[in-house]
Engineer: 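The structure follows.
So that the names make sense, note that chain A is the first sequence line, chain B the second, and so on, each numbered from 1. Values in this document were obtained by computation on a predicted structure and should not be read as measured data.
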Amino acid sequence: MLTLNYLRENRELAIKRLKVKNFDGEEIINRILELDNSRRDTQQKADSLQADINSISKEIGKLIGQGKKDEAEAARLETGKIKNEIKRLNIDLSDIEKLLNKLLVTVPNIPNELVPAGKGEEDNFKYREGGKIPELKGEPLPHWELAKKYDIIDFELGNKLTGAGFPVYKGKGAKLQRALINFFLDEAEAAGFTEVLPPLVVNEDSGFGTGQLPDKEGMMYHVQADNFYLIPTAEVPVTNIYRDVILDAENLPVKNMAYTPCFRREAGSWGAHVRGLNRLHQFDKVEIVVISHPDKSYEALDMMLDHVEKLVRKLELPYRIMRLCGGDISFTSALTYDFEVFSAAQKRWLEVSSVSNFESFQSNRLKCRFREKGEKQNMLVHTLNGSALALPRILAAILENNQGTDGINIPEVLVKYTGFNTI
RNA sequence: GGAGAAAUGGCAGAGUGGUCGAAUGCGGCGGUCUUGAAAACCGUUGUACGUUUACGCGUACCGGGGGUUCGAAUCCCUCUUUCUCCGCCA
């Protein structure tokens, strides 16, 4: 959510920049600023009447103390009309604020200047690339067939236990999952991130804090009896740690990481492209989250990119880093880089990580602020997060790219975690 | 799940209807003293919104929400959480 101050001071610029996200903000921003004016106007009136009441009340207290009952009674009668007026103004104020907030949350984050204009993924900008696409001999198998052939992932069994999108990893497949998780965690730790192991279900407030609620509730599994939500990403609990928190500037940046399963309903997005591991309802991911000083957030973003790049390199996967265009970048993000790895049998690039700077868009909603030493005013922090990494598509690429006549070779960095080097 | 008690500023802890945004202590910050430090002493010490060029001023906030009252930390309703005892339990 953008701050009212920003919109007030940068109306024209905001409207212009939002066009990059293909968002026509003119009408709505004008309406927001109108509402903001009447909000302030109404509050001022209500506050000043309340001040009157407060001073009369104090007066009454004094009069009673002096035993002047009649004068106190006279003053008391005065207040009735003012109170009604205050009541009315406060109802107005709360209506205005509700509407204002409702509109404000529909305005996307302002994209960074680096975000290219564009409609969809075809307009993304290739920022960096690396690795080598392997040349596989004969007829390479897609990972879902490899999974069956070596009996390491059982999709049908998942159907039986739960439903589509909930695979069962078996034997070396299960071990490989665990190896990847530990590898990612160890690497993140070495890069200075602190591990947290958060709850996998969160309450409504947390859903609001990171913006999944109220609009995107369809993406999350909802536990109705307790009004809890299964987390779609560790970003939700880990970022909400800092909801309503004021940090000391000297403690920035805060660098956290977490391994969690992620649960996504993915309603209506199933089709030919989502076979096997390509899209799941439950998957594992290591997430990195950075809370940064506003002046340093783009440095943090680069640091995160470097970290994720190191991971895909160590896994020896061909990759490219895409800077998302205005049409592809998320509502909340100011700048996003997607990591894609090439899956050699499907002959497709698979998105395995998304690293974003949200600037103060999330922290404004979270009310996560910091105080500079010696400063009185608290300022909003910048928040960033990224996958480092999501497992299923990485696994898909590893299986497909490393298949050979004598089985599937495990990338060397993982062997100390798996205890085996081929499947 | 049952019974009882509680929730106050960074922490501890007073305050049960009227100058209470809140005593006091600790902590933090600034200062005096000191070669420096400690001790002592003095001052200061939350958040949000509004208003003001500024100093400042106004309003709200004593777990959350609602109510009574001219006036609520204090009374009422409701929810949540914590503690103690009992029950159950990996």
Engineer: If you look at every strand shown and take non-hydrogen atoms under 4.0 Å, does A:I56 touch a base, only sugar-phosphate, or nothing?
Structural biologist: nothing
Engineer: Whom does B:U51 pair with, Watson-Crick or G-U wobble, provided both distances fall under 3.5 Å?
Structural biologist: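 With both distances under 3.5 Å, B:U51 matches B:G56.
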Engineer: Rounded to whole Å, please give me the gap between CG in A:N378 and C1' in B:G10.
Structural biologist: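 It is 14 Å, rounded to the nearest whole Å.
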Engineer: To the side chain of A:A51, which of B:U59, B:C49, B:G18 is closest?
Structural biologist: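 In terms of side-chain proximity for A:A51, the closest of B:U59, B:C49, B:G18 is B:U59.
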Engineer: Nearest whole angstrom, please: distance from the P of B:G50 to the CD1 of A:I96.
Structural biologist: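 My rounded result for the distance is 13 Å.
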Engineer: Rounding to an integer number of Å, can you tell me how far A:N203 CG sits from B:G64 P?
Structural biologist: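 Those two atoms, CG and P, are 16 Å apart.
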Engineer: State the pairing partner of B:G21; accept Watson-Crick or G-U wobble contacts with both distances under 3.5 Å, and report none otherwise.
Structural biologist: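 Result: none.
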Engineer: Considering only side-chain heavy atoms of A:K62, which listed nucleotide, B:G58, B:G50, B:U19, is closest?
Structural biologist: B:U19
Engineer: Kindly assign one of parallel, tilted or perpendicular to the pair A:H281 and A:Y221, based on the angle between their ring planes and the thresholds 30° and 60°.
Structural biologist: perpendicular
Engineer: If pairing requires Watson-Crick or G-U wobble contacts with both distances under 3.5 Å, which nucleotide is the partner of B:U74?
Structural biologist: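 Across all strands, not a single nucleotide pairs with B:U74.
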Engineer: Under 3.5 Å for both donor-acceptor distances, Watson-Crick or wobble: does B:C61 have a partner, and if so which one?
Structural biologist: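 For B:C61, the partner nucleotide comes out as B:G46, under the 3.5 Å rule.
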Engineer: Between C1' on B:U47 and CG on A:L247, what's the gap in Å once rounded to a whole number?
Structural biologist: 15 Å
Engineer: Return each pair, listed once, that meets side-chain hydrogen bond (donor to acceptor under 3.5 Å, both in side chains) where at least one residue sits in residues 414-423 of chain A; pairs must be two or more places apart or across chains.
Structural biologist: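 Only A:D186-A:Y417 qualify under side-chain hydrogen bond (donor to acceptor under 3.5 Å, both in side chains).
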Engineer: Would you mind reading off the distance between A:I246 atom CD1 and B:U47 atom C1', rounded to a whole angstrom?
Structural biologist: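 My rounded result for the distance is 6 Å.
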Engineer: Would you mind telling me which of A:Q43, A:Q44, A:Q50 makes a side-chain hydrogen bond (donor to acceptor under 3.5 Å, both in side chains) with A:D47?
Structural biologist: A:Q43
Engineer: Roughly, in whole Å, what's the span from CG in A:D41 to P in B:U51?
Structural biologist: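 Distance check: A:D41 CG to B:U51 P gives 9 Å.
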Engineer: List, one per line, each side-chain donor-acceptor pair under 3.5 Å for residues 74-82 of chain A, sequence neighbours excluded.
Structural biologist:
from: A:R76; atom 1: NE; to: A:E73; atom 2: OE1; distance (Å): 3.3
from: A:R76; atom 1: NH2; to: A:E73; atom 2: OE2; distance (Å): 2.8
from: A:T79; atom 1: OG1; to: A:R76; atom 2: O; distance (Å): 2.6

Engineer: With a 3.5 Å limit on both atom pairs, tell me what B:G10 is paired to, counting Watson-Crick and G-U wobble, or say none.
Structural biologist: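 Matched B:G10 with B:C26 under the 3.5 Å cut-off.
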Engineer: Distance check needed: B:U59 C1' versus A:I82 CD1, whole Å only.
Structural biologist: 15 Å
Engineer: In whole Å, I'd like the distance from the NZ atom of A:K367 to the C1' atom of B:G46.
Structural biologist: 16 Å
Engineer: Looking across every strand, which nucleic acid part, if any, lies under 4.0 Å from A:A75 by heavy atom: base, sugar-phosphate, or nothing?
Structural biologist: nothing
Engineer: In the strands shown, is B:A3 matched to any nucleotide by a Watson-Crick or G-U wobble pair with both distances under 3.5 Å, and which?
Structural biologist: B:U84
Engineer: Please determine which of A:E400, A:Q403, A:R393, A:R275 meets the side-chain hydrogen bond (donor to acceptor under 3.5 Å, both in side chains) test together with A:H143.
Structural biologist: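 Of the listed residues A:E400, A:Q403, A:R393, A:R275, the side-chain hydrogen bond (donor to acceptor under 3.5 Å, both in side chains) partner of A:H143 is A:E400.
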Engineer: Out of B:G58, B:G71, B:U51, which nucleotide sits closest to the side chain of A:Q44?
Structural biologist: B:U51
Engineer: Across all strands, who's sitting opposite B:A38 as a Watson-Crick or G-U wobble pair, both distances under 3.5 Å?
Structural biologist: none
Engineer: Now, which nucleotide makes the Watson-Crick or G-U wobble pair with B:U69, with each of the two distances under 3.5 Å?
Structural biologist: none
